[in-house]
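Okay, so here's the structure we're looking at.
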Amino acid sequence: MDTHYEGGSKGDPVQITEDEAAVYDRQIRLWGLEAQQRMRNATILVIRLRGTATEAIKNIVLAGIGKLVIYDSDEVKEEDLGAGFFFRDEDVGKKRVDAAKARIEALNPLVTVQALRHPTLLEQGSLEALIMSVDLVCVTDWDREALIKINDICRQFGKPFYAGGTFGLLGYVFCDLLKHDYISPDRSAPKEAPKNVKATASYSRLSTALQHRWTGLTKRQTKELNPAVVHIILALWEYQHIHEGKLPDDIDATSELGQIANSILASSDVNRQVLTSVPPDLIDAMSTSAVHEFSPTCAVVGGILAQDILKALAAREAPIANFFTFDGNTGGGSVCRMSM
């Protein structure tokens with residue numbers, strides 16, 4: 001049984017060795033030794049191993065975090081083989097974490113990988129202890145209520161929280177970094193004398209972000225945030241809640257999904273010059289494709305998720321603030337500040 005989990009980086013910080021410095025030389029030149037040191041001492045928990053997590057894990061492990069804890073109680077299914085490149089045909093029926101662990105370790109032997117699979121780890125007491133033992137939590141492709149629950153526990157113990165996932169050709173990344181300090185270039189400094197300044201951003205929890213209203217935004221500002229994609233993602237979460245975790249998978253769901261999406265849109269106070277209703281073609285597409293994973297979408301969203309996790313750990317440059325959406329139909333992405 002795997003209900004035992006070791007602590008995160010709570011002891012003395014581990015110093016990067018000469019061998020590690022050689023491996024991470026290009027990264028150290030890019031963001032500095034101090035930032036790489038922070039990553040080296042970080043323990044990250046990733047919950048659920050689907051396509052988005054696969055891409056994110058690859059990138060954070062190659063970047064040189066100290067320890068990765070992966071949790072998933074489900075078995076590999078045939079549909080996981082498309083976007084989940086840690087899985088092979090012979091892995092179908094095995095636990096996802098067991099099938100993935102060795103292949104994750106092979107990416108970077110300098111990173112410790114711990115696999116957890118027992119369902120009791122998501123019970124309140126065990127989950128709290130697990131979150132306390134790590135430095136950052138990332139949950140992928142899960143329903144809204146589970147994300148809110150884990151985010152609230154992260155808040156309780158002062159742990160940064162990331163959520164990411166895809167619905168067919170659409171995807172999202174949400175982050176709650178509490179009060180986050182970072183170093184940012186001073187855009188007002190002369191070009192011949194560039195300098196960095198310390199900045200701070202205060203984030204909101206997911207339950208608060210979901211109450212966001214779009215009041216006061218200009219037509220141009222609203223269009224830039226692609227409100228149709230934001231609201232169809234929120235509608236998919238609500239559909240899941242109504243249908244006990246299930247996503248739409250049939251054109252017959254179009255009517256209900258459309259009603260949900262337009263109800264949420266109406267209450268969000270979006271500039272009506274930009275959007276009066278969620279486009280029917282988008283609702284139709286999500287009714288049949290939201291349940292499916294597409295490798296290109298997972299690659300983009302997982303890549304953005306990993307990049308932002310590393311950015312938060314390194315405390316250099318501003319992370320996402322705080323809800324990123326990706327539209328695979330156009331290849332475009334936007335960031336909406338929700339209740340920040």
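Since we're looking at a predicted model, the values are computed, not measured. We count residues from 1, following the sequence as given. Below, all heavy atoms of this structure are taken into account, side chains as well, without hydrogens, waters or symmetry copies.
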Should Ile304 and Ile320 be marked as a side-chain contact (heavy atoms from CB on, under 4.5 Å) after you check the CA-CA gap, both sets of side-chain angles, and the distance that decides it? CA-CA 9 Å; Ile304 294 290; Ile320 289 171; 3.9 Å; yes

Would you mind reporting whether [Y] and [X] have side-chain heavy atoms less than 4.5 Å apart?
{"X": "Leu68", "Y": "Val61", "value": "yes"}
{"X": "Arg103", "Y": "Arg88", "value": "yes"}
{"X": "Met286", "Y": "Leu170", "value": "yes"}
{"X": "Lys179", "Y": "Ser202", "value": "yes"}
{"X": "Thr325", "Y": "Val335", "value": "no"}
{"X": "Leu178", "Y": "Lys159", "value": "no"}
{"X": "Cys138", "Y": "Ile309", "value": "yes"}
{"X": "Phe161", "Y": "Tyr203", "value": "no"}

Closest heavy-atom pair and its distance - [X], [Y]:
{"X": "Leu49", "Y": "Ala100", "result": "CD2-CB, 3.7 Å"}
{"X": "Leu147", "Y": "Ala163", "result": "CD2-CB, 3.9 Å"}
{"X": "Asn322", "Y": "Met338", "result": "OD1-N, 2.8 Å"}
{"X": "Ala290", "Y": "Leu247", "result": "O-CD1, 3.8 Å"}
{"X": "Pro248", "Y": "Leu236", "result": "CG-CD2, 3.7 Å"}

Is there a salt bridge (Lys or Arg N to Asp or Glu O under 4.0 Å) between Glu224 and Arg220 once you walk through the steps? CA-CA 6 Å; Glu224 288 176 348; Arg220 179 179 177 180; 3.5 Å; yes

Any side-chain donor-acceptor pair under 3.5 Å between Glu256 and His243? yes

State whether a side-chain donor-acceptor pair under 3.5 Å links Ser277 with Asn262.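 No, no side-chain donor-acceptor contact under 3.5 Å.
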
Same hydrophobic cluster for [X] and [Y], using side-chain heavy-atom links shorter than 4.5 Å among ILVMFWY?
{"X": "Leu282", "Y": "Val230", "answer": "yes"}
{"X": "Ile65", "Y": "Leu62", "answer": "yes"}
{"X": "Trp142", "Y": "Leu116", "answer": "yes"}
{"X": "Leu136", "Y": "Ile104", "answer": "yes"}
{"X": "Ile251", "Y": "Ile283", "answer": "no"}

For [Y], does its backbone N or O pair with a side-chain atom of [X] as donor and acceptor, under 3.5 Å?
{"X": "Glu293", "Y": "Gly51", "answer": "yes"}
{"X": "Arg38", "Y": "Ala314", "answer": "yes"}
{"X": "Tyr239", "Y": "Ala261", "answer": "no"}
{"X": "Gln36", "Y": "Ala63", "answer": "yes"}
{"X": "Thr54", "Y": "Arg50", "answer": "yes"}
{"X": "Ser126", "Y": "Glu123", "answer": "no"}
{"X": "Asp327", "Y": "Gly332", "answer": "no"}
{"X": "Asp135", "Y": "Ile44", "answer": "no"}
{"X": "Thr166", "Y": "Val301", "answer": "no"}
{"X": "Asp250", "Y": "Ala253", "answer": "no"}

In sequence, state the C-alpha distance, the side-chain angles, and the governing distance for Lys67 and Gln114, and then conclude on side-chain hydrogen bond (donor to acceptor under 3.5 Å, both in side chains). CA-CA 8 Å; Lys67 180 177 179 180; Gln114 184 178 10; 3.2 Å; yes

When rounded to the nearest 0.5 angstrom, what is the spacing between [atom1] in [X] and [atom2] in [Y]?
{"X": "Tyr182", "Y": "Leu313", "atom1": "OH", "atom2": "CG", "answer": "16.0 Å"}
{"X": "Leu206", "Y": "Arg144", "atom1": "CG", "atom2": "CZ", "answer": "9.0 Å"}
{"X": "Lys223", "Y": "Ser334", "atom1": "NZ", "atom2": "OG", "answer": "13.5 Å"}
{"X": "Ile57", "Y": "Phe85", "atom1": "CD1", "atom2": "CZ", "answer": "9.0 Å"}
{"X": "Ile153", "Y": "Gln156", "atom1": "CD1", "atom2": "CD", "answer": "7.0 Å"}
{"X": "Asn196", "Y": "Ser184", "atom1": "CG", "atom2": "OG", "answer": "7.5 Å"}

Between Arg96 and Glu75, is a salt bridge (Lys or Arg N to Asp or Glu O under 4.0 Å) present by the stated rule, with each step listed? CA-CA 5 Å; Arg96 285 176 180 161; Glu75 292 81 25; over 6 Å; no

For [X], I'd like to know if atom [atom1] has over 12 heavy atoms of other residues, nucleotides or ligands within 6.0 Å.
{"X": "Lys246", "atom1": "NZ", "value": "no"}
{"X": "Arg213", "atom1": "CZ", "value": "yes"}
{"X": "Glu90", "atom1": "CD", "value": "yes"}

Go through Lys94 and Asp91 one step at a time and tell me if the salt bridge (Lys or Arg N to Asp or Glu O under 4.0 Å) criterion holds. CA-CA 5 Å; Lys94 297 178 183 177; Asp91 295 326; 3.5 Å; yes

For Arg117 and Asp98: C-alpha separation, side-chain torsions, deciding distance, then whether salt bridge (Lys or Arg N to Asp or Glu O under 4.0 Å) applies. CA-CA 8 Å; Arg117 70 187 71 78; Asp98 294 335; 2.5 Å; yes

side-chain contact (heavy atoms from CB on, under 4.5 Å) between Asp176 and Cys154, worked out: CA-CA 9 Å; Asp176 174 12; Cys154 288; over 6 Å; no

Should the pair Tyr172 and Trp237 be assigned to parallel (<30°), tilted (30 to 60°) or perpendicular (>60°) ring geometry?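 If you compare the ring of Tyr172 with that of Trp237, the planes turn out perpendicular.
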
With side-chain hydrogen bond (donor to acceptor under 3.5 Å, both in side chains) as the test, would you mind laying out the steps for His231 and Ser268 before giving the verdict? CA-CA 9 Å; His231 284 83; Ser268 295; 2.9 Å; yes

Test side-chain hydrogen bond (donor to acceptor under 3.5 Å, both in side chains) applied to Ser204 and Ser339, step by step: CA-CA 7 Å; Ser204 62; Ser339 302; 5.2 Å; no

Evaluate Tyr71 against Val97 for side-chain contact (heavy atoms from CB on, under 4.5 Å), listing each step before the verdict. CA-CA 7 Å; Tyr71 171 83; Val97 292; 5.7 Å; no

Under a 4.0 Å threshold between the charged nitrogen and the carboxylate oxygen, would Glu145 count as salt-bridged to Lys149? no

Please determine whether a side-chain nitrogen of the Lys or Arg among Arg155 and Asp152 lies less than 4.0 Å from a carboxylate oxygen of the Asp or Glu. no

Apply side-chain contact (heavy atoms from CB on, under 4.5 Å) to Tyr162 and Leu177, showing your working. CA-CA 8 Å; Tyr162 275 87; Leu177 303 181; 3.5 Å; yes

